[in-house]
Amino acid sequence: MSTDRPVRTSPQPASTVREGEWYLDGLNPQQLEAVETLDGPVLVLAGAGVGKTRVLTTRVAHLLKTGRAWANEILAVTFTNKAAAEMLSRVETLTGARDGSAWMGTFHSIGSKLLRRHAELVGLKPNFTILDTDDQLRLLKQILKDENIDEKRWPARALATQIDSWKNRGFDPTHVPKPESIAFASGKGNSLYGLYQARLKRLNAVDFGDLLLESLRLLRDNPSLLESYQRRFRYILVDEYQDTNHVQYLWLRLLASAHKNICCVGDDDQSIYGWRGADVENILRFEKDFPGAKIIRLECNYRSTGHILAAASQLIAHNRKRLGKTLFTKSGAGEKPIVTGVWDGAEEAGEIATRIESARISGVSLADIAVLVRASFQMREIEERFLEVGLPYRVIGGPRFYERAEIRDAMAYLRCAHQPDDDLAFERIHNVPKRGIGETTLAALRQHARAHGLSLRTASRDLIARNGLKAKASHALLTLLNDLDRWGAEIDQKAPDQFVQMVVDESGLVAMWKAEKTEEAEGRLENLKELVRSLGEFSSLAEFLEHVSLVVDTAGADSGPRVTIMTLHSAKGLEFETVFLPGWEEGLFPHPRSLEETGQKGLEEERRLAYVGITRARRQAFIYHAANRRVHGQWQSSVASRFVSELPRDNVDFRESETREQWMPSAPSYLGVRPREAGAAGASPAPRGANSFTSGTARKPPRGMATGARVFHLKFGPGTVFAEDGGKLTVDFDHAGRKMVMDSFVEPA
DNA sequence: ACCCTCGCATTTTTT
DNA sequence: ATGCGAGGGT
């Protein structure tokens, strides 16, 4: 357990306090107010790009430097590990001190810390396992099977979502509201939730939701404990308050209720996680929840130029439910965002690639450029084009390191070695690599374990001793058990990295992937090596396992500047010189699912997503909408998103690609969809001036670039088509010579 | 026990 | 179009 003794960071004699406050230099008046208003509830409404993190970290530094609080009297919570790490390092820079005694971390890590300290009070052992989504699902599947529930009709995934949503809102199995308790499997939802919780307890495990809900319960049910933490955390800071769910809100309110020194920083306009339990109402309600709260608006934007900011502000002004801010910038008007209507997804990708090329030529680093999409399927087309033209890019948000199968397998071995009763880990590895222990054997083990209240490991030994298994299975199982036991005994004998190296070798995992001899397997082996390497940074396996349960980041090696491709969601908090926003079409953005599920509320969240997208740009934003797009293998025609028509005409430049004008000459697309006529959720009206190519045909129109045609390429200039092969053209350029290019890269000249 | 084929869904993602 | 999961065949 970490030391929590008070450590005075830098006591300041009264006379030098002013001089000691150099770290306040350069803050604007609102930022300064947000830093210096230390007592009582404060809500800092921090719009995009207003220096939010600076305020947060300076506030912590101020508390410490003025001697208002000891480090261990401060509780600072964030949502992501990245944000927590950033806060920690910036506070360290400001205070010049490294002091681990402040509780700075994610809601989940702080929940975990509390639970481990007082595990026995909630019926856990301090070494409980934190299940991830995968384990959770496996457990739920077992329960559904046991209860004879048809998994086709009632998928485990749906139950997981339901349970999550209950946990997010603070309901334990005894408090699920009646109407909802019948929500799943003809009324079994609530009891399945109960069974699941009981299983978790028996496994000495919690899921992510429990880290919050159980730590709330811990505090609620133990008044003296609560009181001690209330007394201890004299100053509470919360980042991204608009993303909190109900349990997090209750938890914060409970801890802050004694001294009320709670400072929440957030932006209602950037609340985009409603679908995973975040409740915008928390931030909208702040003044009611914390009477006498001071609201401070940070409205001076240091990121974007004028037109970009104006476009974003006008767009978000269409939302009804907001606290309202007026962002302004002192930098110039800059470039207007450009909205371009294109013919189809391929042209869109082509336009983006071309624009990036010219931006690169004019000196913008690729690292300063991002393509932000609504849904990840949009990435493929863009990636394909980038590959074709040799544009370096990276995709953010693929499967993360610790979620890869090979890593999860290795991790499961480690968990088994560490905690012999980790049944879920045991289930994962029992037949990986294949060793002839199939479903039949496993079922027998489960049954035996259940009947005698044993873990699978113990049950296996027991059943083998009683000759309850076939000889072949018995033999294979025994080998595994002996391996696990042997490793278990060696955990603390070896350095963590050597230990892991041994386990991946001796378990046969490395051999398994070596045998595959595919490029993919190579990568997996590489990942295993990376795993071993990363173990070098930990002093014990236990420490590593806790880290992995809660931390996800693994920065890939950087090899030169690259364009970033990611979803709008993962772009929150980031900024780029130039931002591309493709796919602003009805039927894609706003996403019909969101509209179906939550109607107006969903629409407003989608609009906030659009707002987040535009405000990522420092100097240039390019928005695209395509008339035709292939979705799930089907061609769909669509009109510009209603968000396009909500952009201010004075601050945005609307254009049409030549191809688009050629094939759909009638209405200007920037009119988009009027909110009223778009009321029917999800329905994409046929394009204005629909032509024979737009209504459900699976074939793309010819683009008039047959052999001999004169064409123009943005980079290579004018040329003559020499040959054409399924969209790939061989062109003799007047100045650049013969090149292979994609047809969408050239315009008919 | 393992492999293969068919059917189905397919927004967003952190911890 | 495509990938993942379940169920049936070997």
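None of the values given here were measured: they were computed from a predicted structure. The basis for the numbers below is simple: all heavy atoms, side chains too, and nothing from hydrogens, waters or symmetry mates.
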Closest nucleotide among [options] to the [X] side chain:
{"X": "Thr567(A)", "options": "dT12(B), dT15(B), dA1(B)", "value": "dT12(B)"}
{"X": "Arg593(A)", "options": "dT13(B), dT10(B), dT15(B)", "value": "dT10(B)"}
{"X": "Thr440(A)", "options": "dT11(B), dA1(B), dT13(B)", "value": "dA1(B)"}
{"X": "Glu606(A)", "options": "dA1(B), dT13(B), dT11(B)", "value": "dT11(B)"}
{"X": "Phe208(A)", "options": "dT15(B), dT11(B), dT13(B)", "value": "dT15(B)"}

Rounded distance (Å) that lies between atom [atom2] of [N] and atom [atom1] of [X]:
{"X": "Arg157(A)", "N": "dT11(B)", "atom1": "CZ", "atom2": "P", "answer": "12 Å"}
{"X": "Lys434(A)", "N": "dA1(B)", "atom1": "NZ", "atom2": "C1'", "answer": "9 Å"}
{"X": "Gln378(A)", "N": "dT10(B)", "atom1": "CD", "atom2": "C1'", "answer": "14 Å"}
{"X": "Asn168(A)", "N": "dT15(B)", "atom1": "CG", "atom2": "C1'", "answer": "11 Å"}
{"X": "Phe79(A)", "N": "dT13(B)", "atom1": "CZ", "atom2": "C1'", "answer": "13 Å"}
{"X": "Gln248(A)", "N": "dT15(B)", "atom1": "CD", "atom2": "C1'", "answer": "10 Å"}
{"X": "Lys113(A)", "N": "dT15(B)", "atom1": "NZ", "atom2": "C1'", "answer": "17 Å"}
{"X": "Phe107(A)", "N": "dT13(B)", "atom1": "CZ", "atom2": "P", "answer": "21 Å"}

Counting any heavy atom closer than 4.0 Å, what does [X] reach on the DNA or RNA strands: base, sugar-phosphate only, or nothing?
{"X": "Asn431(A)", "value": "sugar-phosphate"}
{"X": "Thr133(A)", "value": "base"}
{"X": "Arg435(A)", "value": "nothing"}
{"X": "Glu597(A)", "value": "base"}
{"X": "Thr78(A)", "value": "nothing"}

Worksheet item: So, does the side chain of Arg374(A) form a donor-acceptor pair with the base of dT12(B) at under 3.5 Å?
Response: yes

Practice prompt. Determine yes or no for a side-chain-to-main-chain donor-acceptor pair under 3.5 angstrom, with Thr441(A) supplying the side chain and Ile437(A) the backbone.
Written response: no

Worksheet item: Strictly by modelled atom types, are Gln142(A) and Glu427(A) linked by a side-chain donor-acceptor pair under 3.5 Å?
Response: yes

Practice prompt. Specify whether His547(A) and Phe544(A) have parallel, tilted or perpendicular ring planes, treating 30° as the upper limit for parallel and 60° as the lower limit for perpendicular.
Written response: parallel

Worksheet entry | Nearest-nucleotide comparison on DNA chain B, the residue closer to the 5′ end among Ile396(A) and Ala473(A) | Ala473(A)

Worksheet item: Taking for each residue the nucleotide of DNA chain B bearing the nearest heavy atom, is the 5' side occupied by Met379(A) or by Gly436(A)?
Response: Gly436(A)

Practice prompt. Look at Lys572(A) together with Asp243(A) and state whether they make a salt bridge at an N to O cut-off of under 4.0 Å.
Written response: yes

Discussion item. I'd like to know if Arg608(A) pairs up with Asp269(A) as an ion pair, taking the criterion as any Lys NZ or Arg NE/NH1/NH2 lying under 4.0 Å from an Asp or Glu carboxylate oxygen.
Written reply: no

Worksheet item: What are the two closest non-hydrogen atoms of Leu144(A) and Trp154(A), and how far apart are they?
Response: CD1-O, 3.6 Å

Response to the item:
So the contacted stretch of DNA chain C, first to last nucleotide with an atom under 4.0 Å from a non-hydrogen atom of chain A, runs from dA1(C) to dA6(C)

Can you check whether [X] stacks with the [N] base, using ring centres under 5.5 Å and planes within 30°?
{"X": "His591(A)", "N": "dT11(B)", "value": "yes"}
{"X": "His569(A)", "N": "dT13(B)", "value": "no"}
{"X": "Trp275(A)", "N": "dT12(B)", "value": "yes"}

Practice prompt. Might you work through the side-chain hydrogen bond (donor to acceptor under 3.5 Å, both in side chains) test for Ser112(A) and Ser109(A), ending with a clear yes or no?
Written response: CA-CA 5 Å; Ser112(A) 168; Ser109(A) 70; over 6 Å; no

Item to complete: Please determine if a side-chain N or O atom of Ser376(A) lies less than 4.0 Å away from the OP1 or OP2 oxygen of dT12(B).
Response: yes

Practice prompt. Give a yes or no on whether the ring-centroid distance for His569(A) and Tyr273(A) is below 6.0 angstrom.
Written response: yes

Fill in: salt bridge (Lys or Arg N to Asp or Glu O under 4.0 Å) partners of Lys125(A), counting only residues at least two apart
none

